[in-house]
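When a residue number appears, it is its place in the shown sequence, counting from 1.
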Amino acid sequence: MSDASNARSHSLTLSTLALLTLPQILWAGNAIVGRLVVDLVPPLMFNFLRWSLASLVLLPLAAWVLSPGSGLWAHRWRFAWLSLFSVGAYNALQYMALQTSSPINMTLVGSSMPIWMQLVGRVFFKEPVSRRQMAGSLLSIAGVVLVLSRGSLDTLRNFHLLPGDFYILMATICWAIYSWMLVRPQGEPQAIRGDWAAFLFAQTLYGSVWAGLFAVGETALSDHPIVWGWPLGLALLFVVIGPAVLAYRSWGAAVRRAGPTIASFFICFIPFFTAMLSALLLGEMPQLYHGAAFLLLIGGVMVASKR
């Protein structure tokens with residue numbers, strides 16, 4: 001990339017700021033909606049319905065990917081692994097976390113992503129970790145501990161992971177693995193990688209298979225019924241059009257404009273938007289420790305990102 005194009009890609013215009021902010025609002029909304037439908041649909045079935053419907057939405061934009069010569073089938077294991085750690089596992093674990101954790105807690109714990117990104121990069125991809133990154137990780141860990149302890153020393157002394165806390169930690173690790181796989185492509189067809197709709201469609205196809213297998217297992221082990229009706233229909237409409245398609249499209253365009261480093265700062269705004277939406281829709285008012293944890297997480301990312 002030339003110096004001119006690199007400078008241009010890191011300019012923050014109003015339209016770029018809008019593209020960076022929109023996904024955070026939609027992903028915060030995804031946490032809220034996931035909590036609202038807890039009694040309407042099992043979490044793994046909800047994930048399967050979400051991504052199966054997203055595949056149908058993307059089909060008109062990327063139907064050519066299904067052709068024998070597109071590279072989708074020749075690189076099936078690559079797309080299968082990508083989709084397992086993103087569509088299949090990450091989103092499923094998020095919805096499972098919301099069964100016992102609040103949206104605010106879930107998104108704050110999820111903001112510990114820099115920690116897991118560094119650990120996964122160092123252990124599995126031999127990526128070096130700088131001192132600043134280690135310092136940033138310590139701040140982020142402090143924020144996560146504050147959330148998990150609910151701001152209480154007594155809770156910290158008698159601490160044990162709730163199922164929801166454990167699931168979201170597992171989800172962040174899955175997303176870290178997925179992210180490193182994205183920046184370490186292994187012969188993926190350029191035609192698919194270069195087309196946002198085609199690349200997402202390829203992942204939703206294989207991801208729907210993973211999600212379907214998990215949903216079948218959930219159905220066999222649980223008697224949680226699906227309550228069909230307009231509330232579930234509206235929830236699916238939102239998570240398919242918003243967090244699953246529009247957010248990914250906006251995020252991809254924003255990263256190309258601003259660069260991944262600047263864009264990564266905006267992920268820390270998800271807990272802020274989640275807190276606002278939780279207070280508005282769920283009556284779950286943020287606590288003082290949520291604000292303190294948010295500042296620690298922001299500080300950790302800023303320290304780790306400096307050169």
Side-chain angles (χ1 to χ4, degrees), residues 23-24 26-28 30-31 34 42-52 54 76-101 103 105-127 137 140-141 144 147-148 161-186 188 199-200 202-218 239 243-244 247-248 251-252 255 260 263-264 267-268 270-271 274 297 301:
Q24 318 315 320
L26 292 172
W27 287 329
N30 181 56
L44 300 186
M45 179 59 70
F46 188 58
N47 188 54
F48 170 66
L49 293 172
R50 172 190 178 183
W51 289 107
S52 297
R76 55 187 175 276
W77 287 113
R78 172 67 174 177
F79 287 113
W81 283 112
L82 277 172
S83 64
L84 171 62
F85 289 112
S86 57
V87 172
Y90 174 70
N91 290 279
L93 287 165
Q94 278 190 321
Y95 290 135
M96 290 173 66
L98 287 166
Q99 302 290 304
T100 56
S101 184
N105 266 44
M106 191 193 82
T107 52
L108 274 170
V109 174
S111 293
S112 64
M113 183 65 71
I115 304 168
W116 306 109
M117 198 71 75
Q118 292 171 33
L119 287 174
V120 169
R122 185 71 185 92
V123 173
F124 296 105
F125 296 90
K126 310 303 180 185
E127 187 74 14
S137 293
S140 296
I141 289 172
V144 174
V147 173
L148 296 178
L161 278 174
L162 294 174
D165 299 328
F166 175 76
Y167 291 145
I168 196 57
L169 285 174
M170 292 298 296
T172 51
I173 294 172
C174 286
W175 190 260
I177 296 173
Y178 168 71
S179 299
W180 278 107
M181 290 180 69
L182 284 181
V183 297
R184 300 289 178 87
Q186 297 179 353
E188 296 160 7
F199 191 53
L200 183 54
Q203 294 177 73
T204 61
L205 281 177
Y206 285 98
S208 295
V209 175
W210 288 115
L213 290 173
F214 297 153
V216 168
E218 178 185 57
V239 298
Y248 274 77
W251 184 251
V255 169
S264 67
I267 295 176
C268 289
I270 297 179
T274 303
L297 289 165
V301 175

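Closest heavy-atom contact between Leu44 and Ala92: CD2-CB, 3.4 Å. Closest heavy-atom contact between Met45 and Glu218: N-OE1, 3.0 Å. Closest approach of Ala244 to Ala54, counting heavy atoms only: CB-CB, 4.2 Å. Summarising the geometry of Asn30 relative to Pro243, their closest heavy-atom pair is CB-CG, 3.7 Å, with the distance given to 0.1 Å. Among all heavy-atom pairs drawn from Tyr206 and Ser83, the shortest one is CB-OG, 3.2 Å.
Using cut-offs of 30° and 60° on the angle between ring planes, the pair Tyr90 and Trp175 is tilted.
In this structure, Met96 and Phe46 have side chains that are not in contact, with every pair of non-hydrogen atoms separated by 4.5 Å or more. By the 4.5 Å heavy-atom criterion applied to side chains, Tyr95 and Arg50 are counted as neighbours.
Residues Tyr178 and Gln203 have side chains that bring a donor and an acceptor to within less than 3.5 angstrom of each other.
The distance from atom CH2 of Trp81 to atom CE of Met181, rounded to the nearest 0.5 Å, is 8.0 Å. In this structure, CZ in Phe79 is found 15.0 Å from CG in Leu84, a value given to the nearest 0.5 Å.
Between the Thr100 side chain and the Gly164 main chain, a donor and an acceptor come within less than 3.5 Å of each other. A donor-acceptor pair under 3.5 Å is formed between the side chain of Trp210 and the backbone N or O of Ala80. The main-chain N or O of Leu49 is never found under 3.5 Å from a side-chain atom of Ser52 such that the two would form a donor-acceptor pair. Of the possible polar contacts, one joining the Asn47 side chain to the Val87 backbone as a donor-acceptor pair under 3.5 Å is found.
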Leu82/Phe199 under side-chain contact (heavy atoms from CB on, under 4.5 Å): CA gap, chis, key distance, verdict: CA-CA 11 Å; Leu82 277 172; Phe199 191 53; 4.2 Å; yes

